[in-house]
Amino acid sequence: MSTVNIAIDGPAGAGKSTIAKMVSAKLGYIYVDTGALYRTIALFITENSIADEDIEKSLEKADVSLKFIDGAQRVFLGDRDVSDVIRTPEISMAASRTSAIPAVRKYLFGTQQKIAAENNVIMDGRDIGTVVLPNADVKIFLTASAEERANRRYKELSEKPNCPAYQEILDDIIKRDYQDMHRETAPLKQADDAVLVDTTTLNLEQSADEIVRIITEKTGGAV
């Protein structure tokens, strides 16, 4: 039986990872957070102070892998679980720049396609429907206004020490949107055959339910 692949793309802060996890749990699919892979490469480059001109030849030492532990995805750099370390604002911004490097995308491309070929997956990122899984069974472009994305991020960070100001978060989101949409390699854009889902006025549960509805309708409930 062939696998079912679901591609979810969209800008930073749209809730792709959280919503994709919820949808995968509802449908029994494996969730693949490709952003975590790029963040891990960014962490590797940052921690080792690797210059741009040395990145390509250094990638063979990166040893990035995904492991599914108790049904949850964890990302490893060598033997080290970096799933939490890669979520800082510094690494987020570094990942946006790193993901534009062709050598990095080529390095991770095979990993992503192999997982999709072997499993029913929901994969989220910036170019899943346009580049990584162009033949995905269902493509979703998940978005929300920059202000709403900043508001959600501010609420999330407000419970932690040294929370940035709302305006700083909004400025970072707008900057990252520009970087992602204007990079030369695989820029962020909605695939021609993707369904647009705007979650500005939806909560997480409503967003997940809407995507489940779309997937079920388009696949006939295939699992």
Gap separating the CG atom of Asn151 from the CD atom of Glu156, nearest 0.5 angstrom: 12.0 Å
Full working for side chain to side chain contact (heavy atoms under 4.5 Å, CB included) between Glu205 and Met22: CA-CA 8 Å; Glu205 191 66 35; Met22 294 172 68; 3.3 Å; yes
So, does Thr46 use its side chain to make a donor-acceptor pair with the main chain of Leu43 at under 3.5 Å? no
Donor-acceptor pair between Ser96 and Tyr38 side chains, under 3.5 angstrom: no
Is any side-chain N of the basic residue among Lys175 and Asp171 closer than 4.0 Å to the acidic one's carboxylate O? no
Considering only heavy atoms from C-beta outward, does the side chain of Tyr166 approach that of Glu147 to under 4.5 Å? yes
Check Phe109 against Val132 and note the closest heavy-atom contact, atom names and distance. CE1-CA, 3.7 Å
Charged N to carboxylate O under 4.0 angstrom, Arg87 versus Asp84? no
Quick check: are there more than 12 heavy atoms from other residues, nucleotides or ligands sitting under 6.0 Å from CD of Gln179? yes
Gap separating the OG1 atom of Thr219 from the CD1 atom of Ile214, nearest 0.5 angstrom: 11.5 Å
Side chains of Val82 and Phe76, heavy atoms from C-beta outward: is any pair under 4.5 Å? no
CG of Leu196 to CG of Asp198: how many Å apart, nearest 0.5 Å? 6.0 Å
Could you check whether any side-chain heavy atom of Gln206 comes within less than 4.5 Å of a side-chain heavy atom of Thr199, counting everything from C-beta outward? no
Could you measure the distance from the CG atom of Asp127 to the CZ atom of Arg183? Nearest 0.5 Å is fine. 6.0 Å
Main-chain N/O of Ile50 paired with Asn48 side-chain donor or acceptor, under 3.5 Å: no
Between Ala12 and Ile173, which heavy-atom pair has the shortest distance, and what is it? O-CG2, 4.4 Å
Under the side chain to side chain contact (heavy atoms under 4.5 Å, CB included) rule, what do Ile45 and Thr98 come out as? Steps first, then yes or no, please. CA-CA 9 Å; Ile45 292 170; Thr98 301; 3.7 Å; yes
Backbone of Ala117 reached by a side-chain donor or acceptor of Gln113 within 3.5 Å: no
Look at Glu148 together with Arg152 and state whether they make a salt bridge at an N to O cut-off of under 4.0 Å. yes
May I ask whether Phe141 and Val212 are part of the same hydrophobic cluster, defined by side-chain heavy atoms of I, L, V, M, F, W, Y residues being less than 4.5 angstrom apart, directly or through others? no
Considering residues, nucleotides and ligands other than Glu184, do more than 12 of their heavy atoms fall under 6.0 Å from its CD? no
Specify the closest pair of heavy atoms between Val32 and Ile115, including all atoms of both residues, with the distance to one decimal. CG2-CG2, 3.6 Å
Any chance you could measure Leu27, atom CG, to Thr216, atom OG1, to the nearest 0.5 Å? 5.5 Å
Return yes when atom CG of Asp193 has more than 12 non-hydrogen atoms of other residues, nucleotides or ligands closer than 6.0 Å, and no otherwise. yes
Answer yes or no: is there a donor N or O on one side and an acceptor on the other, between the side chain of Arg105 and the main chain of Ser99, under 3.5 Å? yes
If two hydrophobic side chains count as joined below 4.5 Å and joins carry through other members, does Val75 share a cluster with Leu59? yes
Determine, for Asp192 against Lys139, whether the closest basic-nitrogen to carboxylate-oxygen distance falls under 4.0 angstrom. no
Quick one: which of Ile6, Asp124, Val121 gives a side-chain contact (heavy atoms from CB on, under 4.5 Å) with Tyr31? Asp124
Is the shortest side-chain heavy-atom distance between Gln112 and Met123 below 4.5 Å? yes
CD1 (Ile55) and OH (Tyr107) are apart, to the nearest 0.5 Å, by 13.0 Å
Using side-chain heavy atoms (C-beta onward) and a distance below 4.5 Å, is Pro11 in contact with Asp180? no
Is the shortest side-chain heavy-atom distance between Ile211 and Leu142 below 4.5 Å? yes
May I have the step-by-step check of side chain to side chain contact (heavy atoms under 4.5 Å, CB included) for Asp63 and Leu77, ending in yes or no? CA-CA 6 Å; Asp63 189 19; Leu77 185 56; 5.6 Å; no
Are Met93 and Val104 connected into the same hydrophobic cluster when the rule is that any two of I, L, V, M, F, W, Y join if their side-chain heavy atoms are below 4.5 Å apart? no
Could you check whether any side-chain heavy atom of Ile122 comes within less than 4.5 Å of a side-chain heavy atom of Ile30, counting everything from C-beta outward? no
Do Arg153 and Arg149 come close enough that some side-chain heavy atom pair is under 4.5 Å? no
How close do Pro164 and Leu157 get, counting heavy atoms only, and between which atoms? CD-CD1, 3.9 Å
Between Asp9 and Ile128, is there a donor-acceptor pair closer than 3.5 Å when you use the side chain of the first and the backbone of the second? yes
Answer yes when Glu90 and Arg39 have at least one side-chain N-carboxylate O distance shorter than 4.0 Å, and no when they do not. no
Short N-O contact, Lys26 and Asp209, less than 4.0 angstrom: yes
Is Ile8 reachable from Leu204 through a run of hydrophobic residues whose side-chain heavy atoms are each under 4.5 Å from the next? yes
Can you get from Ile140 to Leu188 by hopping between Ile, Leu, Val, Met, Phe, Trp and Tyr side chains that sit under 4.5 Å apart? no
Indicate the atoms forming the closest heavy-atom contact of Thr3 with Ala116, along with that distance. OG1-O, 3.2 Å
Starting from the C-alpha separation in whole Å, work towards a yes-or-no answer on side chain to side chain contact (heavy atoms under 4.5 Å, CB included) for Asp137 and Lys218. CA-CA 8 Å; Asp137 300 275; Lys218 286 186 170 291; over 6 Å; no
Testing the 3.5 Å rule here: is there a donor-acceptor pair between the side chains of Tyr29 and Asn119? no
Ser207 to Leu202 - nearest heavy-atom pair and separation: OG-CB, 3.5 Å
When you measure from the side chain of Asn120 to the backbone N and O of Val4, does any donor-acceptor pair fall under 3.5 Å? yes
